[in-house]
Visitor: 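I am attaching a structure below and will ask some questions about it afterwards.
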Amino acid sequence: MSRFNTRTAKPTALSPVTSTGRTTVTHEGGTGHLRSAKSELFLLAVANFVGQDAFYETGGARDDRFTQLVHTLAVQDPVWTAGLLGWLRGDGNMRTASIVGAAEFVKARLAADGPDPSDATAGLNRKVIASVLQRPDEPGELLAYWTSRYGRNLPKPVKRGVADAVQRLYDSKALLKYDTDSKGYRFGDVLELVHPSPAADKPWQGDLFKHAIDRRHGRDTEIPARLGPVRAHALLMAVPVAERRAVLLGGGSTEQDNLFRASKLTWEALAGWLQGPMDKDAWETVIPNMGYTALLRNLRNFDQAGVSDTVAEQVAARLGNPEQVARSRQLPMRFYSAYNAAPSLRWGWALEKALTASLANIPKLTGRSLILVDTSSSMSAGFSKDGTLMRWDAAALFGIALGRRCATADVVSFSSAKYYRNDRPGAKVKDFPLAAGRSLLTDVKQWKDGGWFLGGGTDTAAALRATFKGHDRVVIVTDEQVGADPVGISNSIPETVPMYTWNLAGYQAGHAPSGSRNRHVFGGLGDSAFRMIPMLERGASAKWPWEQVG
């Protein structure tokens, strides 16, 4: 007789992250399930901040594993790998990993003697390079990576892909914002390496390219009139430092005031131009010209400078606008990070609205859901470069957000208790009380401050056995690095119950088989994976994100 309260249910459809059937050992000594190369690369790519250590794996080791997987799949299935890399830079919003991946994609295919010119993949190398370069400083970043690893002899696909991106990305605004001494490769360096022609519909680009090269080499040449913002900026820099604050306040000469408006200085450029503090007047002058990301990252600075409530309301309106949230492509954790950095009341509601909008893909789930959030010590690995966010911060946010969209949900923090005398592991679990009407940011803060980060080892199987009470589905947010368990995770709930693992770390071994009926693995730092749950439960087989229609 079964130890479970079983139910008859239609099996879910298949999902793309699949196991090979082979096992290994996890970093905590439990049974680890090896995945297909595509599945391993996908989960690593969507969780890998290049060069950053994870709890069990150094940044260098992760980067080497990422590179080897790209090399293998670039040759075995170049179309699939190209789709992954393009999506990774776009909807996946993983900038550095996609740039590194594109460079290694081309290197591997060239080392394999490249495709036959008649092959359907001819030209794919160039397209992949261009697809991952979405910001004006990224052509330089890709070239810096390539030359540091493979020297300054650039293959034609790299040159042409970068040139395609340069035609699309380089303009006067980009030059003023991104062509700075802090960059390893300036615009002029890029232009001299890849020799792009001006885009057919941008006749002014020839003047821009020439000026970028001139300024890189310190040549004091006249700036063409067609580069209006660049010309205005140069003239503005000639204003004596003692007169600049008066110009900021609109008290300069008519010519100076006109130049100031025409130059459209970024906040970074304004700070350098003033050569003084970014005070209330400076911020209030530049805020209307600031982009969404810049606003989000400077909320604490606005508060410290004493920006007026009127201007703050304008900032808050932009931050909370769902359309601007969507265009910004900010990951949900960015809004939580901004809330932690600037917790004043005037930003709270705007950030709550922005966070909710960034989680728009989370579906409403019927029935009863069990959501297990891994808060073991390995989930304390850094999630942001400044060390202010941990992987378990993301796990808590996503777990609570999903729980709030379920008809009924039990959200549980889990790790591992001490081993019992019979050497059987035991789970440490703590239910989180979801309360109607409370903000998501408040919930996550309560989780962090109220003792739901448990620490210790990872006993997912025991946690499942302790908390599963006939639920309709189980979602586990984890790094999958489990300790040994005699029953195992997949066997700790009925095979008829769908179990969705959301991997936030991208280690090689998984904690259970995946890709079969009712056992699925997702990955990523955004909310798009949640869309697969109702799709699979409707019987529609899920595809890779870049292959999804609609």
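The analysis underlying the following values was restricted to heavy atoms, covering all of them including side chains, and did not include hydrogens, waters or symmetry mates.
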Visitor: Would a distance-only check, ignoring hydrogens and angles, find a side-chain to backbone donor-acceptor pair under 3.5 Å from Arg244 to Trp273?
Guide: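 Such a contact is found between Arg244 side chain and Trp273 backbone.
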Visitor: Is it true that, when you exclude Arg245 itself, more than 12 heavy atoms of the residues, nucleotides or ligands shown sit nearer than 6.0 Å to its CZ?
Guide: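 It does: Arg245 CZ has more than 12 such atoms within range.
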Visitor: Under 6.0 Å from the NZ atom of Lys127, do we count more than 12 heavy atoms belonging to anything else shown?
Guide: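 Result for NZ/Lys127: open.
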Visitor: Looking only at the side chains, is there a donor atom on one of Arg261 and Asn258 sitting less than 3.5 Å from an acceptor on the other?
Guide: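 There is such a pair between these side chains.
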Visitor: Using modelled atom types only, decide if a donor and an acceptor are shared between the side chain of Trp452 and the backbone of Asp431 within a distance under 3.5 Å.
Guide: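 Yes: the side chain of Trp452 pairs with the backbone of Asp431.
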Visitor: More than 12 heavy atoms of other residues, nucleotides or ligands under 6.0 Å from NZ of Lys202: is that the case?
Guide: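 Enclosed.
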Visitor: Mind telling me whether His520 and Tyr500 have parallel, tilted or perpendicular rings, with 30° and 60° as the class edges?
Guide: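 Answer is parallel, since the angle falls under 30°.
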Visitor: For Val373 versus Gly399, what's the shortest heavy-atom pair and its separation?
Guide: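 Closest pair (atom of Val373, atom of Gly399, distance): CG2-CA, 4.0 Å.
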Visitor: From Ser172 OG over to His211 NE2, what is the distance, rounded to the nearest 0.5 angstrom?
Guide: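 With rounding to 0.5 Å, OG (Ser172) is 8.5 Å from NE2 (His211).
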Visitor: Over 60° means perpendicular and under 30° means parallel, so classify the ring planes of Trp546 and Trp80, tilted if in between.
Guide: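 Perpendicular.
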Visitor: Using modelled atom types and a 3.5 Å cut-off, is there a donor and acceptor pairing between side-chain atoms of Ser328 and backbone atoms of Val325?
Guide: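 Indeed, once roles are kept as given, a pair shorter than 3.5 Å links the two residues.
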Visitor: To the nearest 0.5 Å, what is the distance between NE2 (His471) and CG (Leu370)?
Guide: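 That separation rounds to 4.5 Å.
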Visitor: Within a radius of less than 6.0 Å around NZ of Lys280, do more than 12 heavy atoms belonging to other residues, nucleotides or ligands occur?
Guide: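 Yes - once you tally the heavy atoms of other residues, nucleotides and ligands closer than 6.0 Å, there are more than 12.
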Visitor: Do you see a donor-acceptor pair shorter than 3.5 Å between the side chains of Glu268 and Thr266?
Guide: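 Per modelled atom types, Glu268 and Thr266 side chains form a pair under 3.5 Å.
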Visitor: Whether Asp374 and Arg391 form a salt bridge (side-chain N of Lys/Arg under 4.0 Å from carboxylate O of Asp/Glu) is what I want to check.
Guide: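 No, no charged N to carboxylate O under 4.0 Å.
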Visitor: Could you tell me whether a side-chain N or O of Thr356 sits under 3.5 Å from a main-chain N or O of Glu352, the two making a donor and an acceptor?
Guide: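 Yes; judged by distance alone, with no hydrogens or angles, the pair exists.
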Visitor: Working note: Glu284 + Ser308, criterion side-chain hydrogen bond (donor to acceptor under 3.5 Å, both in side chains); need CA distance, chi angles, decisive distance, verdict.
Guide: CA-CA 8 Å; Glu284 291 188 354; Ser308 71; 3.2 Å; yes
Visitor: So Arg346 and Asp303, salt bridge (charged side-chain N to carboxylate O under 4.0 Å, His left out) or not? Walk me through it.
Guide: CA-CA 10 Å; Arg346 59 183 182 173; Asp303 284 341; 3.0 Å; yes
Visitor: Check for a donor-acceptor pair, side chain of Glu138 on one end and backbone N or O of Gln134 on the other, with a separation under 3.5 Å.
Guide: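 Between the backbone of Gln134 and the side chain of Glu138 there is a qualifying donor-acceptor contact (under 3.5 Å).
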Visitor: Over all heavy atoms of both residues, which pair between Pro332 and Leu397 is shortest? Give the atoms and the distance, please.
Guide: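 Nearest heavy atoms, Pro332 then Leu397: CB-CD2, 4.3 Å.
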Visitor: Are Gln330 and Thr293 close enough that a side-chain donor and a side-chain acceptor fall under 3.5 Å?
Guide: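 Looking only at side-chain atoms, Thr293 and Gln330 do form a donor-acceptor pair, the distance falling under 3.5 Å.
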Visitor: Is there a donor-acceptor pair closer than 3.5 Å between any side-chain N or O of Asp179 and the backbone N or O of Arg186?
Guide: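 No; judged by distance alone, with no hydrogens or angles, the pair does not exist.
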Visitor: Hey, do the aromatic rings of Trp267 and Trp283 have their centres closer than 6.0 Å?
Guide: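 Between Trp283 and Trp267, which both carry aromatic rings, the centre distance is below 6.0 Å.
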Visitor: Under 3.5 Å, is there a donor-acceptor pair between the side chain of Arg300 and the main chain of Ala342?
Guide: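 Here the side-chain-to-backbone pair does not exist.
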Visitor: Would you check if the distance from the ring center of Trp502 to the ring center of Phe398 is below 6.0 Å?
Guide: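 Aromatic pair counts; centres sit under 6.0 Å.
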Visitor: Tell me every residue that passes side-chain hydrogen bond (donor to acceptor under 3.5 Å, both in side chains) with Lys38, counting only those two or more places apart in sequence or in another chain.
Guide: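 If we apply the side-chain hydrogen bond (donor to acceptor under 3.5 Å, both in side chains) test to Lys38, skipping adjacent residues, the hits are Asp77.
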Visitor: Quick check for you: to the nearest 0.5 Å, what is the distance between Lys173 atom NZ and Tyr178 atom OH?
Guide: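 Here the rounded value is 8.5 Å.
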Visitor: Is a side-chain donor-acceptor pair under 3.5 Å present for Ser182 with Thr180?
Guide: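 The criterion, which ignores hydrogens and geometry beyond distance, is satisfied for Ser182 and Thr180.
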Visitor: So, are Arg438 and Asp443 salt-bridged, with charged N and O less than 4.0 Å apart?
Guide: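 A salt bridge is present here (some side-chain N lies under 4.0 Å from a carboxylate O).
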Visitor: Indicate yes or no: at least one non-hydrogen side-chain atom of Phe432 is less than 4.5 angstrom from one of Asp410.
Guide: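 Phe432 does not reach Asp410 side chain to side chain.
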Visitor: Does the side chain of Glu40 come under 3.5 Å of the side chain of Tyr507 through a donor N or O and an acceptor N or O?
Guide: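 Side-chain D/A pair, Glu40 to Tyr507: absent.
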Visitor: What class does the angle between the rings of Tyr170 and Phe209 fall in, given that below 30° is parallel, 30 to 60° is tilted and above 60° is perpendicular?
Guide: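 Perpendicular, since the angle between the ring planes exceeds 60°.
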Visitor: We want to know whether Thr408 and Arg368 form a side-chain donor-acceptor pair, criterion being a heavy-atom distance below 3.5 angstrom.
Guide: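 The criterion, which ignores hydrogens and geometry beyond distance, is not satisfied for Arg368 and Thr408.
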Visitor: Considering non-hydrogen atoms only, spot the tightest contact between Asp164 and Ala130 and give its length.
Guide: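 Looking at all heavy atoms of both residues, the closest pair is CB-CB, 4.1 Å.
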Visitor: At their closest point, which heavy atom of Met278 faces which heavy atom of Ala305, and how far apart are they?
Guide: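 Reported closest heavy-atom pair: O-CB, 3.9 Å.
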Visitor: For Tyr339 and Leu351, indicate whether the former's side chain and the latter's backbone hold a donor-acceptor pair under 3.5 Å.
Guide: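 Judged by distance alone, no pair lies under 3.5 Å.
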Visitor: Side chain of Gln205, backbone of Gln167: donor and acceptor closer than 3.5 Å?
Guide: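 Such a contact is found between Gln205 side chain and Gln167 backbone.
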Visitor: Looking at Arg126 and Val162, would you say the former's side chain and the latter's main chain have a donor-acceptor pair under 3.5 Å?
Guide: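 No, because the side chain of Arg126 does not come within donor-acceptor range (under 3.5 Å) of the backbone of Val162.
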Visitor: Assess whether a salt bridge exists between Lys177 and Asp137, defined as any Lys/Arg side-chain N lying under 4.0 Å from an Asp/Glu carboxylate O.
Guide: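 Judged by the 4.0 Å cut-off on N to carboxylate O distance, Lys177 and Asp137 do not form a salt bridge.
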